[in-house]
Amino acid sequence: MRFAFTEQQLELRGAVRQVLASECTPADLRALHERPPEPAAGPALGRADPGRTSARWAVLAELGAPGLLAPEAHGGLGLDEVDLTGVLEEAGRVALPEPLGESAGLVVPALAGLLELPGAGADAGADPGKVARWLGAVAHGEAVATVGGVEVGRAGPVLTTAPLDPDAQLPDAVPCRTPRVVASDRADVALLVAPGAGGGLEVHLVEAAAARRLPTPSIDGPRRPGEWEWVPSPETRLASGGAAAVLVGSLVDRGALVAASQLLGLADRMIAMAAAYAVDRKQFGRPIGSFQAVKHLLADARVRLEFARPATYRAAESIARGRPGRAAHAAMAKALASDAADLAARVALQVHGAIGYTWECDLHLFMKHTWALSASWGDAVTQRARVLAEALAGRSG
Amino acid sequence: MRFAFTEQQLELRGAVRQVLASECTPADLRALHERPPEPAAGPALGRADPGRTSARWAVLAELGAPGLLAPEAHGGLGLDEVDLTGVLEEAGRVALPEPLGESAGLVVPALAGLLELPGAGADAGADPGKVARWLGAVAHGEAVATVGGVEVGRAGPVLTTAPLDPDAQLPDAVPCRTPRVVASDRADVALLVAPGAGGGLEVHLVEAAAARRLPTPSIDGPRRPGEWEWVPSPETRLASGGAAAVLVGSLVDRGALVAASQLLGLADRMIAMAAAYAVDRKQFGRPIGSFQAVKHLLADARVRLEFARPATYRAAESIARGRPGRAAHAAMAKALASDAADLAARVALQVHGAIGYTWECDLHLFMKHTWALSASWGDAVTQRARVLAEALAGRSG
Amino acid sequence: MDLDFTPEEQAFREEARRWLEAHVPAPGSLASLDTPEGFEEHRRWERTMYDDRWSVVNWPAALGGRDASIVEWLVFAEEYYRVQAPKRVSQNGIFLLAPTLFEHGTNEQKARYLPPMASADEIWCQGWSEPDAGSDLAGIRSRARRDAGGWVLDGQKTWCSRGAFAEWCFAIFRSDPEAERHRGLTYFLVPMDAPGVTVRPIPQLDGETGFAEVFFEGVRVPDDQVLGGVGEGWRVAMSTAGSERGLNLRSPARYTEAAGRLLDRYVGRLAEGGEAAEAATALADRVARAYVDAEAYRLHTYWTASAVAEGQAVGAEASCNKIFWSETDLAIHGLALALGGTGSELLEPGPDGGSRPGEWLDGYLFALAGPIYAGTNEIQRNVVAERLLGLPRG
Amino acid sequence: MDLDFTPEEQAFREEARRWLEAHVPAPGSLASLDTPEGFEEHRRWERTMYDDRWSVVNWPAALGGRDASIVEWLVFAEEYYRVQAPKRVSQNGIFLLAPTLFEHGTNEQKARYLPPMASADEIWCQGWSEPDAGSDLAGIRSRARRDAGGWVLDGQKTWCSRGAFAEWCFAIFRSDPEAERHRGLTYFLVPMDAPGVTVRPIPQLDGETGFAEVFFEGVRVPDDQVLGGVGEGWRVAMSTAGSERGLNLRSPARYTEAAGRLLDRYVGRLAEGGEAAEAATALADRVARAYVDAEAYRLHTYWTASAVAEGQAVGAEASCNKIFWSETDLAIHGLALALGGTGSELLEPGPDGGSRPGEWLDGYLFALAGPIYAGTNEIQRNVVAERLLGLPRG
């Protein structure tokens, strides 16, 4: 039993932190934020600043971040989810708008897993050459990958992709719609879950060029969620049947971990911002941070964060080792991290007072990303229901 | 619309308050408390100090409290539930151990109602002369009455009386057991709900002498809950069929109101005790009440109490007028009052610190009564479920 | 105690309901009142109300009101929220300044300022907060200098709601630089087009410009634009603060209406069945609690209204109000978002497409500000502890 | 990072489990340790453990321990709670005083005091709080006067757990009346049978006598009963305070075991169906949260243990621990009572009759004290805010 990061893990994380501090500043985020669009007429895709985005992605690629989980044979670092969780905590700290969690944490292990399990490929008929090409491209940071079509429900994965024509016969050659694909405008490729024949699931790999992409209004503009219209086909199919079910189960657990890791960083950032503000800001002739009410608000937020961390690291270790409890561990991590970050957001706003309510104050950049991530991949209530179900099964079994 | 007490109501309440301040002191309560008995060997009944209890009851009777809701023709004051709720708030303030809520708030209106509805008597075959005799005796304070056999569930009344022999044929001549009848050792008579033929309900009036009474261990010793073993018979029967269902529905609403009213007084008392302590007690060289953390704890408790009050008074008015919403109003009052009093107890203990954890400090006398009343007649979660069900029915209907 | 509305109150309700149903714009059809177009659209709506004497029902008939009782005022608000009528762009004037004018204004001031306020020809913003004096009015630094025939104002105010478009500002300045903290403040009425007044809108986190900074540089105002006596600004302001924190501003209808929509949303999720229904069920107790609290707030308001109607003063209890409504508002809107479920990007129309997209989120953002403005809840708790519970000042 | 227990840790667990299963008294079979009989019964159980070297597993073998690592110590606690073994009557000594003795004691002191502590021949109580110095150690007034060959102690201590029956007391006295607050305190080891020591048990609200007041009147102690240097009492005490608030005292097993029983109780209610099941379902999310928090506490403890094993110091994070475990404990026990449902008189055996009557209530009463003792949570929040977040002292 050794429940601690290695020196190397801390170094990698430190390097990412250092780079992101200059590559992803509040000013960068503000540039990507728009006044929330009127829902009737969404903004055209492509408002992102692709130059800055590609530059930042290139820097992350140089550190090996997108390919962190990819085997070295495919151009990755061959590291594991414990390494990744620390890196994503740093991504959260700067509210990184690019889909590092999706690319590095979900798509890379999915593609790498398919290559390692020949059964899966056979089951679906995916072309291993194509899988390997995309894996390499994503791992090297040449392509940006995202994920869609699945959310987390109390009883398991919830499919969100649906045929445009509700009466159409699935699966192939029927145009489908997948809502809320993040990084919709900058992803080159997406791993999309879709309904299969006979009520089953399928997983497809869809190139951005092959999809019609419409932006979804979001309070967290830089995340760029969008709806993809696309046509499942044998060429896009990666897995079906049992292999798809396993893959989607893994996506759900990894999605929770990836979101939880970033939420830890976000919470830490917001608490630090609020603490700094409380030291500077004076009311009634003294720093507001000297008032017990402010101290106790921030202390409570710090405590919730403190206890969300080891639970998230444990989930990472569980997934890395393929432990049987990994689903419950990921759910627990997400529940704790969502609550910790939501509390941090509320407390930070309370401490900032009216200033925190303005566009000029950086706080909203982090609050909005927190709200989006907290609701993604299973909110705290949903994930607690999953934990409870697993725990009860464990006690009676 | 006039949502305020009358001068007379405030005067009656003030008189009760004044009397109880000297007639029901913490020293009196402490004398009635015993170290919680080992559950295996409960204390014998009759540990109550009957002298002091009868004296206090006599004083209350002199003010007309037990017969407050009884018609003047039966020796009562002919007042209504709005008058009663203020009186019971004062009973709560001193943690009155006698069953004023049960006698004045539940049994008296039940008996008076039976006399007014000849249909009910006919339905059940109750002897109006006997009902009138007991009504007069309870209203005059000559007899102490209690209630048992029903609790509040999410979907309505929950019957707790059961035959000793689970296979016995109900209803008559079959020994039954009714748990948790309060004031078990000092009540002269009890209104007991029991299962009737064909899954229905019946209401019986049972004299203490006709029952075998066993004490139930309780943290709130002075309430003296006990189990009654008794035999339903045509002589004890007050109502059955539809009349019994109406009567029990009324008991459930009135029980919630009676408990809520007392919880308001308890909360107020505990907050006042804690505030007084916070002014006196010094730590780190200043009164602990000058620390913001202590202020805010107490302020939050005060706020919850402030908003539980009008809801309770509204429930009283609703029951007094027989308004259609009275069940939801009583449920709402109980939910708010339970939460307010539970919070007040917790905050008061926190403010007192270790002192509050001792037998010598008066606080526990009020906390224990709060815990018992808060869980009685539907706890906050149960009552909120009732409110929600009613509200949803109201919106769809 | 009688919770039936009187026949008069009932008739008043029915008249209000009929008028509103005939005149109210469709929910969401006006542009945001924090845009120039929306501001004027809202002004026109106030004018429509004024024309039929519905803009200030509790004012004297001579000033365009209906002499409505406090209970009738509450009834009107219930009807107003029931039809989801527009936000009141005149709010600062009619709810915050008007009570102060009625109490402290000269007859000339009342005659000059109240009618155009009622008709929305003149819309007011509030100039209290300063960059270094948020909840702490005593820290005000903006100065008023005596000058021939009047005063010269210098300084900076911030968080002025409606400040970007309003015609007038009611503001507090330090008129005696020697006096300590609460003393030496004076309450002024200042036209926003006076020479020396500069407005800088402050964009909010949702991109709207609900408030503004207002800069005063040598702004001259005559003596008759002092409200309530030189050096009396603190006392005068506190009567308005009581209004802001207490009964007037916060009609319970706002919360009961939102709680009702929360129940609808909850029922909608239940009706979907499956995952959505189970997720909603997990929130049942919290939904119920939010609903109960909104009801408790409504009842408490009527309770207070009865006391006020009988001549009692509302004191520090107003601080209890502030804490309670702001927390209830947050609970209602937070739960509505939580019912939106996992993966929601928060601005989408929910499956209960009837509500406007982003409507709950707007409400949530607004609710988040609740514990902050009108005196932070931390300060309100101090007030409750010190004034209602007798704890020592710290 | 590797969360598998090593083969050695695994073997240690199995040995502990086998031994405990063979020796542990049936749950609830010992009388309360706050009664004279119960105290002796618990002492005998400590002796039984000591005889097989299970009473102080993390101590050196030479002193009766097993040189267990910190992880093994946690493993032992898990096994101990798993079988619901008796409360540790030696707790104050082995968890609070022993770490201080190991750090600050002379070799003679260690040899004199540790073995009888391990065997429970000498049971210790704590003498820190005073009537006017609860969480504020700096306010201590009890005095130590220099005297030929030693010290004379006068004063009063309170809230001494086990004080009614213990053989020894570790206590802090003001040895320099001139020194301010934290300075001039000295840490003493005092036999309870010394002339001049008087004990007055304090009945608790549950009728038990868990703690006592201890009066010192001219009590003479020699120099070798000073622990850690004259005037160093504050510094020495703080290392023990860290233990009390941090890792040692609060094995996570206590909370995970209670959370597990909470789940059993929840399942029991579900299985009853009808009203009970619906009522339980309404509490599902809160039950799940209590369970998750207990798990989070366990994981955090192992996280800290790994850091400690690698030589890192635990600082103000210990205050986070204190806040978190005390709130988790309250949540678990409060929910267990809430699952008991309406009308429960709180001391009755529940329908899950397996648990002892009143067991959850006992736990709840104990949990209520959690935010108060070992430094109130208010003080812990100040520590977190000032030392972890850098906020200014107020």
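In what follows, chains carry the letters A, B, and so on, assigned in the order in which the sequence lines appear, proteins first and then strands, with residues in each chain numbered from 1. Values in this document were obtained by computation on a predicted structure and should not be read as measured data.
Only the side chain of E317(A) comes within contact range of chain D, with at least one heavy atom under 4.5 Å from a heavy atom of that chain. In this structure, the portions of L298(A) lying under 4.5 Å from any heavy atom of chain D include both its backbone and its side chain. With a threshold of 4.5 angstrom between heavy atoms, E378(D) approaches chain A through its backbone and through its side chain. Of the atoms belonging to I271(A), it is side-chain heavy atoms, and not backbone ones, that fall under 4.5 Å from chain D. Contacts between A284(D) and chain A at a heavy-atom distance below 4.5 Å involve backbone atoms as well as side-chain atoms. Looking at D80(A), there are no atoms closer than 4.5 Å to chain D (heavy atoms on both sides), in backbone or side chain. Using a 4.5 Å cut-off between heavy atoms, F5(D) touches chain A through backbone and side chain atoms alike. For Y313(A), the parts lying under 4.5 angstrom from a heavy atom of chain D are both the backbone and the side chain. Of the two parts of V381(A), the backbone and the side chain both hold a non-hydrogen atom closer than 4.5 Å to a non-hydrogen atom of chain D.
Shown here for L3(D) and M1(A), the closest heavy-atom pair between the two residues is O-CE, 3.7 Å. Minimum interatomic distance between A385(D) and A299(A) (heavy atoms only, all atoms of both residues): N-CB, 4.3 Å. When all heavy atoms are compared, the tightest approach of A4(A) to W303(D) is CA-CZ3, 3.8 Å. Taking both residues in full, the closest heavy atoms of A288(D) and R384(A) are given as CB-O, 3.7 Å, listed atom of the first, atom of the second, then distance. Smallest separation of non-hydrogen atoms from L391(D) and G289(A): CB-O, 3.6 Å. For V279(A) against G390(D), the heavy-atom pair with the smallest separation is CG2-O, 3.7 Å.
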Can you list the steps and then say if D2(D) with R321(A) is a side chain to side chain contact (heavy atoms under 4.5 Å, CB included)?
CA-CA 9 Å; D2(D) 180 2; R321(A) 304 270 175 136; 3.3 Å; yes

Any chance you could lay out the side chain to side chain contact (heavy atoms under 4.5 Å, CB included) test for R289(D) and D339(A), step after step, and finish with the verdict?
CA-CA 10 Å; R289(D) 187 174 152 131; D339(A) 274 354; 3.2 Å; yes

One pair to check against side chain to side chain contact (heavy atoms under 4.5 Å, CB included): L388(A) and D285(D). What are the steps and the verdict?
CA-CA 8 Å; L388(A) 187 62; D285(D) 186 53; over 6 Å; no

Taking it one step at a time, do Y302(D) and F3(A) satisfy ring-ring contact (aromatic ring centres under 6.0 Å, His included)?
CA-CA 7 Å; Y302(D) 276 103; F3(A) 193 13; 7.9 Å; no

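To the nearest 0.5 Å, the span separating CG on L299(D) from OG1 on T312(A) amounts to 9.5 Å. Note: S318(A) OG to M1(D) CE = 11.0 Å, rounded to the nearest 0.5 Å.
Applying the 6.0 Å contact sphere to CZ of R286(A) captures more than 12 heavy atoms from other residues, nucleotides or ligands. No more than 12 heavy-atom neighbours from other residues, nucleotides or ligands sit within 6.0 angstrom of CZ on R346(A). For CZ of R286(D), the number of neighbouring non-hydrogen atoms (other residues, nucleotides, ligands) closer than 6.0 Å is 12 at most.
Between chain D and the options Q292(A), Q9(A), E306(A), the largest number of non-hydrogen pairs under 4.5 Å is found for E306(A). Taking V267(D), V384(D), V71(D) one by one and counting their heavy-atom pairs under 4.5 Å with chain A, the maximum is reached by V384(D). The candidate from E327(D), R298(D), E310(D), R393(D) with the greatest count of non-hydrogen atom pairs under 4.5 Å with chain A is E310(D).
Using a cutoff of 4.0 Å between basic side-chain nitrogens and carboxylate oxygens, R304(A) and D293(D) are scored as salt-bridged.
The backbone N or O of V383(D) sits nowhere less than 3.5 Å from a side-chain atom of K295(A) that would complete a donor-acceptor pair. The closest donor-acceptor contact from the side chain of H300(D) to the backbone of P310(A) lies at 3.5 Å or more, if one exists at all.
H296(A) has its side chain out of reach of I323(D): every pair of non-hydrogen atoms, C-beta onward, lies at least 4.5 Å apart.
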